[in-house]
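Single-structure report; data block below.
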Amino acid sequence: LIAYLALYFGVFGIGYWYLNHRDAEVNQRVKAHVRAEHVDSLLRFIGLSALWVSLEFIRGHLFSGFDWAGLGHSQYKNLVLTQIAEITGVSGISFLIVLVNLTIKDIWLHRRWKPEAAVCLAALLLSIGYGIIRLQHFQKSAGDQWRVAVVQANVAQDLKGEVTEWPENFDRHAKLTFEAAKHNPDVIIWPETSLPGYMWETDVFIKQIRRMAQQLGIPILVGAVTQEDGNYFNSAVLIAADGSAGEQYDKIHLVPFGEYVPLRGFLPKTWESWIPVEDFSSGKSYKVFSVNSGKTHLKLSALICFEDTLPRLVSRFANEGAQVLVNITND
């Protein structure tokens, strides 16, 4: 996997060498035409930025997609700059980062200001200006607020699957849930696959958490492994404040070699002992939960584990009406 992901940087390196080599040849031919030189340099900056973004896009889709650590993600604390993502997605931020850094590098290398640098600077200033305006609008139009409790029992991975440890694991989550309830939250959230056993098969724990939600009068969003018609799903299940459990989201984008083995049928039988992962089934529905605590009502969608790295998935939930996005992870 490391070798595969490294290929993208290698491809960008080849593209960088090619475009710079071509730029040098063009400059030799058009030394008398300064304007043509500047235009070609600008096109080189744009071309390299587009190449980087294209490679990020391919990496995010090929072989089911691995969209972690895009260059634009580095700016997650820079709220002013990241506002353009509502128009361009994170790709626009990655494009801008590459464009600006190429400009800085070029100025440093030649020790002089070039006209094409003004275009890149203008793109940066326009993005910052847009971000300032959007943030001011957000602050003025801030709507309802909800109080959320997040339960993290910190169960070691090697103990999580041990049947003898299930009661203790559940009790740790339950204790923290009762403590969190003292703060009067609108919803309590448990981590991915935190409910021991298999939901709808292991009745004892689902009964306990339903009684807990009813006793507290607070909805609980819990991660669980569920089963339907012989297929197993990595799911998020909403336990309503009255103890009813009906709404369920099954994880759509599964992790290769973590939740399923790609091309399992084509692999040698001897490999099965090396990859003992039983395949989960992929969900089909973009579920939006209706959370009603008696005090407030909200529309909520749960992204499970690395699903929150997929912009196209997140956008779909938002388009379906989700007001709040929750990420539950097995950490």
Side-chain angles (χ1 to χ4, degrees), residues 146 148-153 155 160-161 166-167 169-178 180-181 185-255 259 278 280-294 297-308 313-314 316-317 320-331:
W146 303 284
V148 177
V150 180
V151 168
Q152 172 57 283
V155 177
K160 191 168 186 176
W166 285 357
N169 293 345
F170 183 88
D171 288 343
R172 291 171 70 173
H173 286 88
K175 181 180 178 182
L176 291 172
T177 299
F178 280 107
D186 296 306
V187 61
I188 298 175
I189 299 170
W190 285 24
E192 174 190 11
T193 63
S194 52
L195 192 72
Y198 303 104
M199 200 165 190
W200 317 130
E201 293 183 18
T202 314
D203 289 342
V204 59
F205 298 114
I206 183 61
K207 289 180 179 177
Q208 289 186 51
I209 196 171
R210 290 175 70 170
R211 284 197 299 267
M212 191 188 314
Q214 187 176 29
Q215 178 182 348
L216 297 174
I218 301 172
I220 302 175
L221 183 72
V222 58
V225 176
T226 62
Q227 185 271 140
E228 183 178 346
D229 299 329
N231 297 316
Y232 287 87
F233 300 90
N234 187 354
S235 305
V237 181
L238 180 66
I239 312 298
D242 61 3
S244 61
E247 293 189 295
Q248 175 177 321
Y249 165 67
D250 301 324
K251 188 177 182 183
I252 293 174
H253 193 99
L254 302 177
V255 180
E259 292 168 320
E278 291 293 335
F280 280 90
S281 296
S282 177
K284 305 300 181 186
S285 174
Y286 294 83
K287 181 65 182 177
V288 178
F289 296 104
S290 294
V291 179
N292 192 344
S293 65
H297 180 80
L298 63 97
K299 299 289 186 179
L300 176 150
S301 284
L303 300 155
I304 300 177
C305 193
F306 116 134
E307 285 188 319
D308 68 345
L313 191 67
V314 177
R316 179 65 182 269
F317 282 116
E320 293 292 330
Q323 300 167 283
V324 177
L325 298 172
V326 173
N327 179 248
I328 58 174
T329 306
N330 178 21
D331 282 343

Taking atom types as modelled and ignoring hydrogens, do the side chains of E320 and S301 form a donor-acceptor contact shorter than 3.5 angstrom?
no
Rounded distance (nearest 0.5 Å) linking atom NE2 of H297 with atom CH2 of W146
10.0 Å
L195 vs F170 side-chain heavy atoms within contact, under 4.5 Å:
yes
Main chain of R211, side chain of Q215: is a donor-acceptor contact present, judged purely on distance under 3.5 Å?
no
Would you say the side chain of V148 lies within less than 4.5 Å of the side chain of V326, judging by non-hydrogen atoms?
no
Parallel, tilted or perpendicular: which describes the rings of F306 and H253, with under 30° parallel and over 60° perpendicular?
tilted
Can you name the closest pair of heavy atoms from S244 and R210 and give their distance?
CA-NH2, 4.0 Å
T193 (side chain) donor-acceptor with A224 (main chain) under 3.5 angstrom:
no
Heavy-atom closest pair, residues A149 and A180
CB-CB, 3.7 Å
Between G223 and I328 the two heavy atoms that sit nearest each other are CA-CD1, 4.0 Å
For residues Y249 and L238, determine if any side-chain heavy atom of one lies less than 4.5 Å from a side-chain heavy atom of the other.
no
Compare all side-chain heavy atoms of D186 with those of V291 and state whether any distance is below 4.5 angstrom.
no
Ignoring hydrogens, what is the shortest heavy-atom contact between G321 and K299? Give both atom names and the distance.
O-CB, 3.4 Å
Just verifying a value: how many Å separate K287 NZ and F317 CZ, rounded to the nearest 0.5 Å?
11.0 Å
Answer whether the closest heavy-atom distance between the side chains of Q208 and V204 falls below 4.5 Å.
yes
Side chains of P191 and H173: closer than 4.5 Å at any heavy-atom pair?
yes
How long is the gap from OG1 on T177 to CE on M212, to the nearest 0.5 Å?
5.5 Å
Hey, could you give me the CG/OG distance between L254 and S281, rounded to the nearest 0.5 Å?
8.0 Å
Considering all heavy atoms, the nearest Q227-D229 contact:
OE1-N, 3.3 Å
Search all heavy atoms of A245 against all heavy atoms of I239 and return the closest pair with its distance.
CB-CD1, 3.5 Å
Can you tell me how far apart CD1 (I209) and CD1 (I220) are? Round to the nearest 0.5 Å.
4.5 Å
Using the six-membered ring wherever Trp is involved, compare the ring planes of F205 and W166 and label them parallel, tilted or perpendicular (cut-offs 30° and 60°).
perpendicular
Result for side-chain contact (heavy atoms from CB on, under 4.5 Å) between N327 and one of I189, V314, D308, I304 points to D308
Quick one: are V222 and S194 in side-chain contact, heavy atoms under 4.5 Å?
yes
Less than 4.0 Å between a side-chain N and a carboxylate O, is that true for E307 and K251?
no
Which is it for Y232 and F280 under the ring pair (Phe, Tyr, Trp, His ring centres under 6.0 Å) test, yes or no, and what are the steps along the way?
CA-CA 5 Å; Y232 287 87; F280 280 90; 7.5 Å; no
